There are 2 protein chains.
Amino acid sequence: MRLSKKKRQSRLIESFQKNPFLTDEEMAKQCSVSIQTIRLDRMELGIPEMRERLKHMAEKSFDEVRSLSPEEVIGEVISLELDQSGVSVLEISVDHVFERNQIARGHYLFAQANSLAVAIVNADLVLTRSAAIRFVRPVTLGEKCVAHAKVVQKQPSRFQVDVETKVLDDMVFQGVFDVYRATN
Amino acid sequence: MRLSKKKRQSRLIESFQKNPFLTDEEMAKQCSVSIQTIRLDRMELGIPEMRERLKHMAEKSFDEVRSLSPEEVIGEVISLELDQSGVSVLEISVDHVFERNQIARGHYLFAQANSLAVAIVNADLVLTRSAAIRFVRPVTLGEKCVAHAKVVQKQPSRFQVDVETKVLDDMVFQGVFDVYRATN
DNA sequence: CACGTTCTAGTACCTAGTACTAAATTAGTA
DNA sequence: TACTAATTTAGTACTAGGTACTAGAACGTG
């Protein structure tokens, strides 16, 4: 049985969201309407064709992979003295910001600082126990965040790492991380 | 000038890795050979066509997109009372953990909590000013983190949001977020 | 020179579409 | 019920970015 246009369209939105890999042909079968109807619907709803959808997803994930890298560290570490200090750089890309206002989401700045704090400690397994952080001023698209980390307290298996992130000379983030060497 | 077959092919591998969006035509131009040569090369090297490459990337990122979503919120928000409380769930996937020990990187837990704290506040533009957090115990692959957020202090443009993340009844993360409504 | 490798050219075909025209069907309503 | 408007379907021409295949040209080397 066939749904009304409205119902079909809202179903389309949901379906394509849930499974962007669906072709018009498959959708047409699922809705038991012609392929042209599905295409008209996509036009009206502004849903791009499958290939474009996949391209979009690939693009988004491609940048993400490079910036919010699946590596151990977010941001590029440009210097590192184990158990002492380190510097990493993170350039704020479209993937890091709120669409509306181009301001970076806090957790990316946190991730950069946290990763650096963990990377700095010379041990196999290092975890964060706690942190106190402050977002001093919003960071916007394109700005280059340079995080400086310094170990300020060293105990056999416990470290306090201070991180300050700046854009040029402008402090944007400040954090104190309490990290520890865990037994594997 | 033209490279030897071997050099061209290793260049192809590199190029396609660096930019999977390249078509055969573009590659052909770059190498100043015919499009057929590029296709023969891809055959030999077992590199699929661009559309398949993108589809592959999209597939890989699809699961990721749902959990580590590029949306405003990390984790799935399952309930939300604006200006009051909210709950979100994040299942720890391979993308969230250190390879060595399957322990989730702290910033994902932070991201979940931070996103929820921001989502809870009913305003167009909400940013985090500061936070104090504690990683109570490590979270491992597959565990389902349920974050409960509660607004504990409300001022016209400033909120204190407490977040507690649990795995079953086990507290794993605790944070106090100071967020504010910003002028756009 | 002959032979094999490498490269190019060209054709037929494919998928998943766009853009468009035109007809058929259905729904609403005076 | 008849007319109109919205909706749906059908069909054609065309596109990108390919596959699969055939055939010939150019090059290098013994």
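Letters A, B, ... mirror the listed sequences (proteins, then strands); counts begin at 1. When reading the values below, keep in mind they use all heavy atoms of this one structure, side chains included, and skip hydrogens, waters and symmetry mates. Worth saying up front: this structure is predicted, and the values here are computed from it rather than measured.
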Legend entry - With B:Asp24, the salt bridge (charged side-chain N to carboxylate O under 4.0 Å, His left out) member among B:Arg51, B:Arg42, B:Arg53: B:Arg42
Legend entry - Length of the line joining B:Leu40:CG and D:dC21:C1', which is rounded to integer Å: 11 Å
Legend entry - Whole angstrom value for the distance that separates C1' of C:dA19 from CD1 of A:Ile38: 18 Å
Inset, instruction - Answer with base, sugar-phosphate or nothing: what part of the nucleic acid does B:Arg8 contact at a heavy-atom distance below 4.0 Å? - result: sugar-phosphate
Inset, instruction - Evaluate whether atom CD of B:Glu25 has more than 12 neighbouring non-hydrogen atoms of other residues, nucleotides or ligands under 6.0 angstrom away. - result: no
Legend entry - Rounded interatomic separation in angstrom, taking CE from B:Met43 and P from D:dG18: 10 Å
Inset, instruction - Indicate, with a heavy-atom threshold strictly under 4.0 Å, whether B:Ile35 touches base, sugar-phosphate, or nothing. - result: nothing
Legend entry - A:Arg42 side-chain proximity, nearest of D:dT8, C:dT18, D:dT19: C:dT18
Inset, instruction - Quickly work out the A:Asp24 CG to D:dT8 P distance and round it to whole Å. - result: 15 Å
Inset, instruction - Give a yes or no on whether B:Glu44 atom CD has more than 12 heavy-atom contacts from other residues, nucleotides or ligands under 6.0 Å away. - result: yes
Inset, instruction - Indicate, with a heavy-atom threshold strictly under 4.0 Å, whether B:Arg53 touches base, sugar-phosphate, or nothing. - result: nothing
Inset, instruction - In whole angstrom, give the distance that lies between atom NZ of B:Lys29 and atom P of C:dC7. - result: 20 Å
Inset, instruction - For the residue pair B:Phe173 and B:Phe135, categorise the inter-ring angle as parallel (less than 30°), tilted (30 to 60°) or perpendicular (more than 60°). - result: perpendicular
Legend entry - Rounded distance in Å - CD1 (B:Ile47) to P (D:dG18): 12 Å
Inset, instruction - For B:Lys55 and D:dG17, give me the distance from atom NZ to atom C1', rounded to whole Å. - result: 15 Å
Inset, instruction - Name the residue closer to the 5' end of DNA chain C, choosing between B:Glu44 and B:Arg51 according to the nucleotide with the nearest heavy atom. - result: B:Glu44
Inset, instruction - With DNA chain C as reference, determine whether A:Thr23 or A:Gln36 sits nearer its 5' end, using the nearest nucleotide of each. - result: A:Thr23
Legend entry - Between D:dT19 (C1') and B:Asp41 (CG): distance, integer Å: 16 Å
Inset, instruction - Establish, with yes or no, whether the OP1 or OP2 oxygen of C:dC7 is under 4.0 angstrom from a side-chain nitrogen or oxygen of B:Ser34. - result: no
Legend entry - From A:Thr37 atom OG1 to A:Gln9 atom CD, the distance as rounded to the nearest 0.5 Å: 10.5 Å
